[in-house]
Amino acid sequence: MDYIEVMGFNVYNDNLDKIKPSKKGVVIINTISPNSYGLTTKDDVFKNALKASDILVLDGVYFALGSIIKNGKAIKKNQGPDVFYYFMDRMKKDGGKVFFLGSSIMTLEKIKKKNKDKYPEIDFEYHSPPYKDEFTDEENLMMIKKINEFRPDVLFIGMTCPKQEKWIYKNRARINAKYAISIGGVFDWYAGNYPELNPLWWKLNLGWLGRALQRPELLKRNMPNCYIYFCDMIKYLRNKETML
């Protein structure tokens, strides 16, 4: 499998079908973007969580700019929706089991209904954890218990960034699943809470703009982190060395 180092992070640069289960435990798949990079500069646990990913995929093209400018190498896009639909289709083909962790009961019920129509071959379960920044030991144990009793092939985590990545990083040794995949907002799009973007947005590398038009609050929240990324990228290119 091919990886490209960008600003201290090894980003996956290969096809998703090359990702296989591991005998060592759950395979963690996370995404990286300018926003998540900016968050890592203020949160060491989140930084360590992304660096410890077995597969860190490119969410959009902008985090790849450092590699494109410095090395002349683009990085293969494997964005959250791409990863989600790839593994859902794989589980449909294999007759696998999928667990959805995160979001509200209402959203999870919508996902359940859509799964029955779109993926009847897949056995699935879900759990809505409390909406809070930190979980108690009892809440963590409950989540882990529900996951492990179901023994999913794929665990999708949708608690928003960086909570979802940090949660699986801290609990990976206790999770009985083949894959744990942090996909955040995909829960809402798949459930229909927000309309899925027209493929043209992704083709033009403007998925971020489409998201911002759907949810303007995201643009306001993410802009400071993106600013940190672009400033650090300029330093990275000038110094020709990793930042982290």
Side-chain angles (χ1 to χ4, degrees), residues 1-6 8-32 36 40 44-59 75-102 111 115 119 121-127 129 135 137 139-159 161-184 186-187 190 242 244:
M1 295 191 289
D2 184 26
Y3 298 83
I4 293 180
E5 186 275 330
V6 183
F9 293 90
N10 289 319
V11 185
Y12 187 66
N13 184 43
D14 220 327
N15 296 324
L16 296 174
D17 58 10
K18 293 187 178 180
I19 302 174
K20 305 299 182 184
S22 172
K23 295 180 180 179
K24 297 180 181 180
V26 62
V27 174
I28 295 179
I29 302 174
N30 290 318
T31 67
I32 191 163
S36 56
T40 67
D44 285 340
V45 176
F46 181 45
K47 181 198 300 183
N48 292 335
L50 290 189
K51 284 177 171 282
S53 305
D54 298 294
I55 304 290
L56 186 61
V57 299
L58 184 68
D59 188 17
I75 299 176
K76 187 175 181 61
K77 287 188 296 181
N78 288 304
Q79 300 171 117
D82 300 323
V83 176
F84 173 73
Y85 283 115
Y86 170 79
F87 276 95
M88 288 295 284
D89 289 339
R90 183 194 280 193
M91 292 302 101
K92 178 179 180 179
K93 179 181 177 182
D94 296 344
K97 300 169 67 176
V98 176
F99 195 100
F100 291 80
L101 177 67
I111 289 174
N115 279 350
Y119 296 102
E121 301 86 353
I122 297 177
D123 189 11
F124 59 89
E125 190 54 82
Y126 59 78
H127 177 68
F135 300 116
D137 290 341
E139 290 164 345
N140 279 319
L141 287 173
M142 175 60 70
M143 287 185 272
I144 293 166
K145 179 175 182 289
K146 287 184 174 292
I147 293 166
N148 289 348
E149 285 180 347
F150 187 65
R151 298 173 62 90
D153 295 287
V154 177
L155 167 64
F156 288 122
I157 310 166
M159 301 182 193
C161 171
K163 183 164 65 173
Q164 58 197 9
E165 292 86 356
K166 291 162 67 173
W167 188 87
I168 191 60
Y169 172 64
K170 294 176 181 178
N171 294 287
R172 70 178 300 166
R174 299 193 285 176
I175 296 298
N176 191 348
K178 293 179 181 177
Y179 305 97
I181 306 172
S182 300
I183 53 172
V186 174
F187 277 40
Y190 183 64
T242 57
L244 299 177

Task: Greater than 12 external heavy atoms within 6.0 Å of K166's NZ - done: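 Atom NZ in K166 is packed in, count exceeds 12.
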Decide yes or no for [X] and [Y]: does some side-chain heavy atom of the first lie under 4.5 Å from some side-chain heavy atom of the second?
X    : Y    : result
D54  : R172 : yes
T40  : F9   : yes
V26  : L155 : no
D153 : V98  : no
I157 : F100 : no
F135 : K170 : no

Distance check, rounded to the nearest 0.5 Å: [X] atom [atom1] versus [Y] atom [atom2]?
X    : Y    : atom1 : atom2 : answer
E149 : E125 : CD    : CD    : 10.0 Å
N115 : E121 : CG    : CD    : 10.5 Å
Y85  : K92  : OH    : NZ    : 12.5 Å
N171 : L141 : CG    : CG    : 9.0 Å
I175 : L101 : CD1   : CG    : 8.0 Å
N15  : Y86  : CG    : OH    : 9.0 Å

Contact summary for [X] and [Y], nearest pair of heavy atoms:
X    : Y    : value
I122 : F124 : O-CD2, 3.4 Å
I168 : S182 : CG2-OG, 4.3 Å
I147 : P152 : O-CD, 3.1 Å
L56  : S53  : CD1-OG, 4.0 Å
G158 : F187 : N-CZ, 3.5 Å
M91  : K97  : SD-N, 4.3 Å

Side-chain ([X]) to main-chain ([Y]) donor-acceptor, under 3.5 angstrom:
X    : Y    : answer
E165 : N30  : no
K51  : G8   : yes
R151 : A177 : no
Q79  : D59  : no

Task: F84/I181 under side chain to side chain contact (heavy atoms under 4.5 Å, CB included): CA gap, chis, key distance, verdict - done: CA-CA 8 Å; F84 173 73; I181 306 172; over 6 Å; no
Answer with yes or no whether the side chains of [Y] and [X] bring together a donor and an acceptor at under 3.5 Å.
X    : Y    : value
Y3   : D14  : no
N148 : N176 : no
R90  : Y179 : yes

TODO: Could you tell me whether F99 and F156 have their ring centroids closer than 6.0 angstrom?
DONE: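 No.
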- [ ] Please assess M142 against H127 for the test side chain to side chain contact (heavy atoms under 4.5 Å, CB included), listing each intermediate value before the final yes or no.
- [x] CA-CA 9 Å; M142 175 60 70; H127 177 68; 4.2 Å; yes
- [ ] Let me see the working for I111 and Y190 under side chain to side chain contact (heavy atoms under 4.5 Å, CB included), right down to the final yes or no.
- [x] CA-CA 7 Å; I111 289 174; Y190 183 64; 3.9 Å; yes
Task: side chain to side chain contact (heavy atoms under 4.5 Å, CB included) assessment of I75 paired with V6 - done: CA-CA 10 Å; I75 299 176; V6 183; 3.6 Å; yes
Open item on the list: Check for me whether K76 meets the cation-pi criterion with Y12, that is, NZ or CZ under 6.0 Å from the six-membered ring centre and within 45 degrees of the ring axis.
Closed with: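 No, K76 does not sit over the ring of Y12.
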TODO: Let me know which of I19, V154, L16 forms a side-chain contact (heavy atoms from CB on, under 4.5 Å) with I29.
DONE: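 Checked I19, V154, L16 against I29; only one passes side-chain contact (heavy atoms from CB on, under 4.5 Å): I19.
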Task: salt bridge (Lys or Arg N to Asp or Glu O under 4.0 Å) between K47 and D44, worked out - done: CA-CA 5 Å; K47 181 198 300 183; D44 285 340; 3.7 Å; yes
